[in-house]
Amino acid sequence: MTTITHATALLADIAVEQERTDAVQAFVKQETILVHITTGDGLEGTGYAYTIGTGGSSVLALLREHLLPLLVGADARNVEALWQRLFAATRATTTGAITSLALAAVDCGLWDLRCKRAGEPLWRLAGGHRQEIPLYDTEGGWLHLSTDDLVRSALEAQKAGWAGVKIKVGRPHVAEDAERLRAVREAVGPTMHIMTDANQSQSISSALQLAAALEPHGPYWLEEPLPADDVSGHARLAAATRIPLAVGESLYSAMQFRAYLESGAASVIQVDAARVGGITPWLKVAHTAESHNAVVCPHFLMELHVSLAAAVPNGMFVEYIPQLRAVTRAELTVRDGRAVAPDVPGIGIDWDMDAIDNRRVA
């Protein structure tokens, strides 16, 4: 009865809720890949992954043509075995974003089934450390926003009891970034966390200058200052600044995180369940980070990551960027500045399939 009888995938475009810009790109839409897996007893699990505007059709093709047929007839309970089987079937394209995203959509669907079959929510079945996790806001910190906008949004988050806010850096002159951070720090005071994010826009020389300019204003971390594959550059920068470095949203395998942790190149791990290949490798990264006394603050996907960050002892924050409200029946629960992991069996996302169908890409 736990045998997989059907596995299907679709692609839907979800428009952004507001303009989002950083130092290297604009977030125009979320290409959302959904996988539905059904077992012989009629239980259904739904998983998903995403891109921010390109590549979704490639992920869909990989799923339909190569991965989903391998699921039919398998036991849905064997999540680790199925992940390894699909990974082995795509060795020619691993490690890479397209394959990791496809694996993630399947893996999340299998975890949805696992949780539903056990009658447990994801946050408990994945570890059960706690049910609530502090929030920080990114929506009020995009690069195109004025300094007044940044200050206004930060004060609103502070009033709501949120732990922190993120502001994007990478303006034409480092003095602009420093001034924007200074204004927000002055407005919210010394106790609120202010995260900064350069989105891989810097060279090692400009990153050294940027870190030096930001450091007097107490940023909680500097995120992705350099290209994600420049581990040695991050290690050099980490040794030169007192600002913790955060990486992870642009890493696509668990072993890539090991290189950062072992070299001291990052102390804040922002592993993204969709980009790393699903919940199964996400948990491996989180536990590896714990063994290095590093915290996990996952990138994006707050509707999923609230449960994962709450599940592990080194989960520190969830990033607030709402993106699924148009296609779900329930929003993220926030209580006293903390996100509350859903307590229903499954991964905790109540999809509105009619809304998704209206956004389906042919």
Side-chain angles (χ1 to χ4, degrees), residues 21-25 95 97 136 138 141-143 150 163-185 190 192-272 275-276 285-286 288-300 314-317 319:
T21 60
D22 59 41
V24 298
Q25 63 191 344
T95 296
Y136 75 89
T138 293
W142 299 105
L143 196 64
L150 300 181
V165 294
K166 179 188 287 182
I167 64 174
K168 299 288 186 173
V169 295
R171 304 282 285 195
H173 300 285
V174 67
E176 295 180 68
D177 289 322
E179 172 57 25
R180 285 156 66 86
L181 176 57
R182 183 207 63 78
V184 176
R185 172 58 70 204
M192 190 175 196
H193 300 313
I194 306 175
M195 296 74 169
T196 58
D197 185 359
N199 292 99
Q200 304 184 75
S201 63
Q202 304 296 302
S203 65
I204 184 62
S205 59
S206 65
L208 288 165
Q209 293 176 325
L210 177 63
L214 299 181
E215 191 171 299
H217 309 299
Y220 192 71
W221 71 54
L222 176 55
E223 181 176 337
E224 284 197 322
L226 306 171
D229 53 0
D230 186 3
V231 181
S232 62
H234 280 90
R236 178 182 171 189
L237 180 61
T241 180
R242 292 179 296 176
I243 306 173
L245 300 189
V247 302
E249 71 175 78
S250 302
L251 301 181
Y252 295 93
S253 78
M255 288 189 180
Q256 290 178 332
F257 287 90
R258 184 181 67 180
Y260 269 96
L261 289 163
E262 290 181 348
S263 63
S267 55
V268 179
I269 300 303
Q270 298 179 301
V271 55
D272 181 316
R275 293 179 173 180
V276 80
V285 171
T288 301
E290 183 186 3
S291 73
H292 285 79
N293 199 26
V295 298
V296 171
C297 304
H299 166 255
F300 194 40
N314 55 332
M316 181 66 69
F317 293 110
E319 180 178 25

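What you are looking at is a predicted structure, and each value in this text was computed from that prediction instead of being measured. Just so you know, residue 1 is the first one in the sequence shown, and it goes up from there.
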> At their closest point, which heavy atom of A213 faces which heavy atom of V174, and how far apart are they?
Replying inline: CB-CG2, 3.7 Å
>> I'd like to know if the side chain of R242 and the backbone of G218 have a donor-acceptor N/O pair within less than 3.5 Å.
In response: no
> Hey, are the side chains of E215 and T241 touching, using non-hydrogen atoms and a 4.5 Å cut-off?
Replying inline: yes
> Rounded to the nearest 0.5 Å, what separation is found between the CG atom of L261 and the CD1 atom of I269?
Replying inline: 4.0 Å
>> Does F257 form a side-chain contact (heavy atoms from CB on, under 4.5 Å) with T288? I'd like the steps, not just the answer.
In response: CA-CA 8 Å; F257 287 90; T288 301; over 6 Å; no
> Are H299 and R275 close enough, and set up right, to give a side-chain contact (heavy atoms from CB on, under 4.5 Å), and what steps lead you there?
Replying inline: CA-CA 10 Å; H299 166 255; R275 293 179 173 180; 3.8 Å; yes
> Looking only at heavy atoms, what is the nearest atom pair of V24 and S201, with distance?
Replying inline: CG1-CB, 3.9 Å
>> Are Y136 and H193 an aromatic pair, judged by ring center distance below 6.0 Å?
In response: no
>> Before you tell me yes or no, could you show the steps for R236 and L208 under side-chain contact (heavy atoms from CB on, under 4.5 Å), namely the whole-Å CA-CA distance, both residues' side-chain angles and the distance that decides it to 0.1 Å?
In response: CA-CA 9 Å; R236 178 182 171 189; L208 288 165; 4.1 Å; yes
>> If you define the side chain from C-beta out and look only at heavy atoms, does anything of E223 sit under 4.5 Å from K166?
In response: yes
> Which heavy atom in A23 sits nearest to a heavy atom in G170, and how many Å separate them?
Replying inline: CB-CA, 4.0 Å
> Could you give the distance from CG (N314) to SG (C297), rounded to the nearest 0.5 Å?
Replying inline: 9.0 Å
> Checking R180 side chain against L150 main chain: does a donor-acceptor pair fall under 3.5 Å?
Replying inline: no
> Is any side-chain heavy atom of L210 less than 4.5 Å from a side-chain heavy atom of P225?
Replying inline: no
> Does any non-hydrogen side-chain atom of L226 lie less than 4.5 Å from one of I204?
Replying inline: yes
> Atom CG of D177 and atom CG of L214: how far apart are they, to the nearest 0.5 Å?
Replying inline: 6.5 Å
> For F300, what residues pass the ring-ring contact (aromatic ring centres under 6.0 Å, His included) criterion, not counting sequence neighbours?
Replying inline: F27, Y50
> With side chains defined as the heavy atoms from C-beta onward, is the minimum distance between H292 and R258 less than 4.5 Å?
Replying inline: no
> How many angstroms lie between NE2 in H217 and CG in L181, if you round to the nearest 0.5 Å?
Replying inline: 6.0 Å
>> To the closest 0.5 Å, what do you measure between CD (Q270) and CG (L251)?
In response: 10.0 Å
> Where do D197 and E249 come nearest, in terms of heavy atoms and distance?
Replying inline: OD2-OE1, 4.3 Å
>> Please give me the minimum heavy-atom distance between V276 and A254, naming the atom from each residue.
In response: CG2-N, 4.1 Å
> Of the non-hydrogen atoms in P219 and I243, which two are nearest, and what is the gap between them?
Replying inline: CG-CD1, 3.5 Å
> Do S250 and Q200 have side-chain atoms, one donor and one acceptor, less than 3.5 Å apart?
Replying inline: yes
> If you measure from CH2 on W221 to CE on M195, what distance do you get to the nearest 0.5 Å?
Replying inline: 4.0 Å
